[in-house]
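To start, the structure under review is shown below, and the notes come after it.
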Amino acid sequence: MHKSRLLSFTTLVVFLCYIVGCGSKETGPELTAVTGSVLLNEKPLANADLHFIPVESTPGVGGEARTKASGEFNVVYSRGGEGLPAGNYRVTVSYRLMPDGSPVPEGDTTPPIESPASETLPGIYSDYDKSQLKATVAPGKPVEIKLITKK
(Lines give C-alpha, C1' and ligand atoms only; values in the text may rest on other atoms or scores of the structure.)
Protein backbone atom coordinates (compact mmCIF):
# COMPACT_ATOMS: atom_id res chain seq x y z
CA MET A 1 0.00 0.00 0.00
CA HIS A 2 2.86 2.37 0.85
CA LYS A 3 4.48 1.84 -2.58
CA SER A 4 1.17 2.53 -4.25
CA ARG A 5 0.81 5.91 -2.51
CA LEU A 6 4.41 6.84 -3.27
CA LEU A 7 3.90 5.97 -6.93
CA SER A 8 0.66 7.97 -7.04
CA PHE A 9 2.31 10.96 -5.37
CA THR A 10 5.30 10.84 -7.73
CA THR A 11 2.99 10.60 -10.74
CA LEU A 12 1.01 13.58 -9.46
CA VAL A 13 4.18 15.69 -8.97
CA VAL A 14 5.46 14.83 -12.45
CA PHE A 15 2.07 15.66 -13.97
CA LEU A 16 1.86 19.01 -12.14
CA CYS A 17 5.40 19.92 -13.18
CA TYR A 18 4.48 19.15 -16.77
CA ILE A 19 1.33 21.30 -16.58
CA VAL A 20 2.91 24.37 -14.95
CA GLY A 21 6.25 24.15 -16.72
CA CYS A 22 8.30 23.19 -13.64
CA GLY A 23 11.25 25.50 -14.11
CA SER A 24 11.96 28.65 -16.02
CA LYS A 25 9.82 29.33 -19.04
CA GLU A 26 11.69 30.33 -22.18
CA THR A 27 10.61 33.84 -23.10
CA GLY A 28 12.35 34.15 -26.46
CA PRO A 29 14.40 37.07 -27.76
CA GLU A 30 13.74 40.66 -26.74
CA LEU A 31 11.54 42.40 -29.30
CA THR A 32 12.00 45.92 -30.68
CA ALA A 33 9.00 47.76 -32.14
CA VAL A 34 9.31 47.87 -35.92
CA THR A 35 7.42 50.46 -37.93
CA GLY A 36 8.02 51.75 -41.40
CA SER A 37 6.62 52.40 -44.83
CA VAL A 38 6.61 50.94 -48.32
CA LEU A 39 6.68 53.11 -51.42
CA LEU A 40 6.16 51.82 -54.95
CA ASN A 41 7.41 54.22 -57.60
CA GLU A 42 7.45 56.93 -54.89
CA LYS A 43 3.79 56.36 -53.90
CA PRO A 44 2.50 54.57 -50.76
CA LEU A 45 1.71 50.90 -51.37
CA ALA A 46 -1.44 49.81 -49.50
CA ASN A 47 -2.38 46.20 -48.67
CA ALA A 48 1.07 44.76 -49.31
CA ASP A 49 2.25 41.82 -47.20
CA LEU A 50 5.77 41.95 -45.78
CA HIS A 51 7.83 39.10 -44.35
CA PHE A 52 11.01 39.68 -42.37
CA ILE A 53 13.45 36.74 -42.39
CA PRO A 54 16.39 36.92 -39.95
CA VAL A 55 19.86 36.66 -41.52
CA GLU A 56 23.41 36.41 -40.25
CA SER A 57 23.37 36.00 -36.46
CA THR A 58 20.01 37.69 -35.87
CA PRO A 59 17.97 35.63 -33.38
CA GLY A 60 14.32 34.70 -33.70
CA VAL A 61 11.99 33.48 -36.40
CA GLY A 62 11.04 36.70 -38.18
CA GLY A 63 7.72 38.44 -38.55
CA GLU A 64 5.02 39.81 -40.81
CA ALA A 65 3.23 43.05 -41.54
CA ARG A 66 0.56 44.43 -43.85
CA THR A 67 0.69 47.99 -45.12
CA LYS A 68 -2.10 50.47 -44.45
CA ALA A 69 -3.49 52.95 -47.01
CA SER A 70 -0.57 55.27 -46.18
CA GLY A 71 1.95 52.51 -46.94
CA GLU A 72 2.88 52.36 -43.24
CA PHE A 73 3.20 49.10 -41.31
CA ASN A 74 3.86 47.60 -37.86
CA VAL A 75 5.61 44.22 -37.67
CA VAL A 76 4.15 41.34 -35.65
CA TYR A 77 6.58 38.68 -34.43
CA SER A 78 5.80 35.21 -35.84
CA ARG A 79 5.52 33.70 -32.35
CA GLY A 80 3.35 36.48 -30.97
CA GLY A 81 4.08 39.99 -29.81
CA GLU A 82 4.87 43.28 -31.50
CA GLY A 83 8.21 43.84 -33.21
CA LEU A 84 11.33 41.83 -33.96
CA PRO A 85 14.68 41.15 -32.33
CA ALA A 86 17.24 43.82 -33.30
CA GLY A 87 19.39 42.71 -36.23
CA ASN A 88 19.49 42.19 -39.97
CA TYR A 89 16.68 40.84 -42.12
CA ARG A 90 15.91 39.86 -45.68
CA VAL A 91 12.47 41.23 -46.56
CA THR A 92 9.86 40.15 -49.06
CA VAL A 93 7.05 42.44 -50.19
CA SER A 94 4.08 40.80 -51.87
CA TYR A 95 1.22 42.64 -53.54
CA ARG A 96 -1.27 40.09 -54.82
CA LEU A 97 -4.52 41.03 -56.54
CA MET A 98 -7.68 38.97 -56.97
CA PRO A 99 -9.09 38.49 -60.49
CA ASP A 100 -11.42 41.48 -59.95
CA GLY A 101 -8.41 43.72 -59.16
CA SER A 102 -8.99 43.90 -55.40
CA PRO A 103 -6.19 43.09 -52.96
CA VAL A 104 -6.12 39.73 -51.19
CA PRO A 105 -8.19 40.16 -48.01
CA GLU A 106 -6.16 40.71 -44.85
CA GLY A 107 -5.75 37.50 -42.89
CA ASP A 108 -6.34 35.26 -45.94
CA THR A 109 -4.31 32.11 -45.30
CA THR A 110 -4.91 30.46 -48.68
CA PRO A 111 -1.54 29.25 -49.99
CA PRO A 112 -0.53 31.31 -53.06
CA ILE A 113 -0.50 28.21 -55.27
CA GLU A 114 -4.19 27.57 -54.40
CA SER A 115 -5.29 31.22 -54.52
CA PRO A 116 -6.85 32.87 -57.57
CA ALA A 117 -4.79 35.99 -56.74
CA SER A 118 -1.77 36.97 -58.84
CA GLU A 119 1.48 38.50 -57.64
CA THR A 120 2.05 41.95 -59.17
CA LEU A 121 5.59 42.63 -57.91
CA PRO A 122 8.74 41.17 -59.47
CA GLY A 123 10.52 38.28 -57.74
CA ILE A 124 13.38 40.53 -56.59
CA TYR A 125 10.85 41.93 -54.11
CA SER A 126 8.23 39.19 -53.62
CA ASP A 127 9.99 35.83 -53.90
CA TYR A 128 11.38 34.29 -50.71
CA ASP A 129 14.45 32.90 -52.51
CA LYS A 130 15.12 35.88 -54.81
CA SER A 131 14.35 38.95 -52.69
CA GLN A 132 17.16 41.49 -52.61
CA LEU A 133 15.48 43.68 -50.00
CA LYS A 134 17.30 44.10 -46.70
CA ALA A 135 16.43 45.88 -43.47
CA THR A 136 18.22 46.56 -40.22
CA VAL A 137 16.03 46.59 -37.13
CA ALA A 138 17.22 48.88 -34.36
CA PRO A 139 15.34 50.65 -31.55
CA GLY A 140 13.69 53.87 -32.76
CA LYS A 141 14.77 53.37 -36.39
CA PRO A 142 11.85 53.07 -38.88
CA VAL A 143 12.29 50.77 -41.88
CA GLU A 144 11.76 52.44 -45.24
CA ILE A 145 11.32 50.24 -48.28
CA LYS A 146 11.35 51.82 -51.72
CA LEU A 147 10.34 49.68 -54.67
CA ILE A 148 10.69 50.61 -58.32
CA THR A 149 8.90 48.87 -61.16
CA LYS A 150 8.56 49.63 -64.83
CA LYS A 151 5.46 51.70 -65.56
Side-chain angles (χ1 to χ4, degrees), residues 12-151:
L12 178 62
V13 169
V14 169
F15 178 73
L16 289 174
C17 286
Y18 177 76
I19 295 295
V20 296
C22 204
S24 65
K25 186 175 181 182
E26 189 175 324
T27 59
E30 183 178 340
L31 302 180
T32 298
V34 182
T35 61
S37 61
V38 177
L39 299 177
L40 175 61
N41 298 326
E42 299 184 25
K43 294 180 182 174
L45 181 60
N47 300 309
D49 294 308
L50 288 78
H51 294 273
F52 288 74
I53 303 108
V55 295
E56 299 162 9
S57 61
T58 301
V61 294
E64 297 87 32
R66 185 165 184 127
T67 58
K68 301 171 188 164
S70 62
E72 295 176 344
F73 62 86
N74 295 313
V75 177
V76 175
Y77 189 57
S78 291
R79 291 193 175 153
E82 297 288 324
L84 294 168
N88 296 312
Y89 292 83
R90 182 167 34 112
V91 181
T92 63
V93 179
S94 175
Y95 185 64
R96 296 183 315 132
L97 296 177
M98 300 299 281
D100 66 1
S102 66
V104 172
E106 187 168 4
D108 183 323
T109 58
T110 306
I113 197 159
E114 296 174 11
S115 173
S118 299
E119 179 61 59
T120 64
L121 295 176
I124 60 169
Y125 302 138
S126 62
D127 187 285
Y128 178 85
D129 294 319
K130 297 177 186 175
S131 178
Q132 299 174 5
L133 299 172
K134 297 177 183 180
T136 298
V137 170
K141 181 182 174 195
V143 174
E144 292 186 20
I145 299 173
K146 296 180 180 181
L147 311 176
I148 300 172
T149 61
K150 295 178 182 177
K151 296 179 182 182

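Only a predicted model underlies this, so the values are computations on that prediction, with no experimental measurement involved.
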- request: For Pro29 and Gly60, work out which heavy atoms get closest and say how close.
  value: CG-CA, 4.1 Å

message: Can you list everything that forms a side chain to side chain contact (heavy atoms under 4.5 Å, CB included) with Val93? Sequence neighbours excluded, please.
response: Val38, Leu45, Ala48, Leu50, Val91, Leu121, Leu133, Ile145, Leu147

- line: Pro142 and Gly140 have their tightest heavy-atom pair at CD-O, 3.4 Å

message: Is it true that, when you exclude Ile148 itself, more than 12 heavy atoms of the residues, nucleotides or ligands shown sit nearer than 6.0 Å to its CD1?
response: no

query: How close do Leu31 and Gly80 get, heavy atom to heavy atom, and via which atoms?
result: CD1-O, 4.1 Å

- request: To the nearest 0.5 angstrom, please state how far the CD atom of Glu82 sits from the OG1 atom of Thr32.
  value: 12.5 Å

task: Any side chain to side chain donor-acceptor pair (under 3.5 Å) involving residues 56-69? Give me the pairs, sequence neighbours left out, ordered by first then second residue.
output: Asp49-Arg66, Glu56-Asn88, Glu64-Ser78

task: Give the minimum heavy-atom separation between Ala86 and Pro59, together with the two atoms involved.
output: O-CD, 4.2 Å

- line: Closest non-hydrogen atoms of Ser70 and Pro44, given as atom of the first, atom of the second and distance, are O-CB, 3.2 Å

message: Tell me every residue that passes side chain to side chain contact (heavy atoms under 4.5 Å, CB included) with Pro112, counting only those two or more places apart in sequence or in another chain.
response: Arg96

- request: Give the minimum heavy-atom separation between Gly83 and Tyr77, together with the two atoms involved.
  value: O-CB, 3.3 Å

- prompt: Can you name the side chain to side chain contact (heavy atoms under 4.5 Å, CB included) partners of Pro116, sequence neighbours left out?
  reply: Met98, Pro99

- prompt: Passes side-chain contact (heavy atoms from CB on, under 4.5 Å), Ile53 versus Tyr89? Steps please.
  reply: CA-CA 5 Å; Ile53 303 108; Tyr89 292 83; 5.6 Å; no

- request: Would you list the pairs meeting side chain to side chain donor-acceptor pair (under 3.5 Å) in which at least one residue belongs to residues 98-109, sequence neighbours left out?
  value: Asp100-Ser102, Asp108-Thr110

field: Spacing of CZ belonging to Arg90 relative to NE2 belonging to His51, to within rounding of 0.5 Å
entry: 12.0 Å

field: side chain to side chain donor-acceptor pair (under 3.5 Å) pairs, two or more places apart, involving residues 119-134
entry: Ser94-Glu119

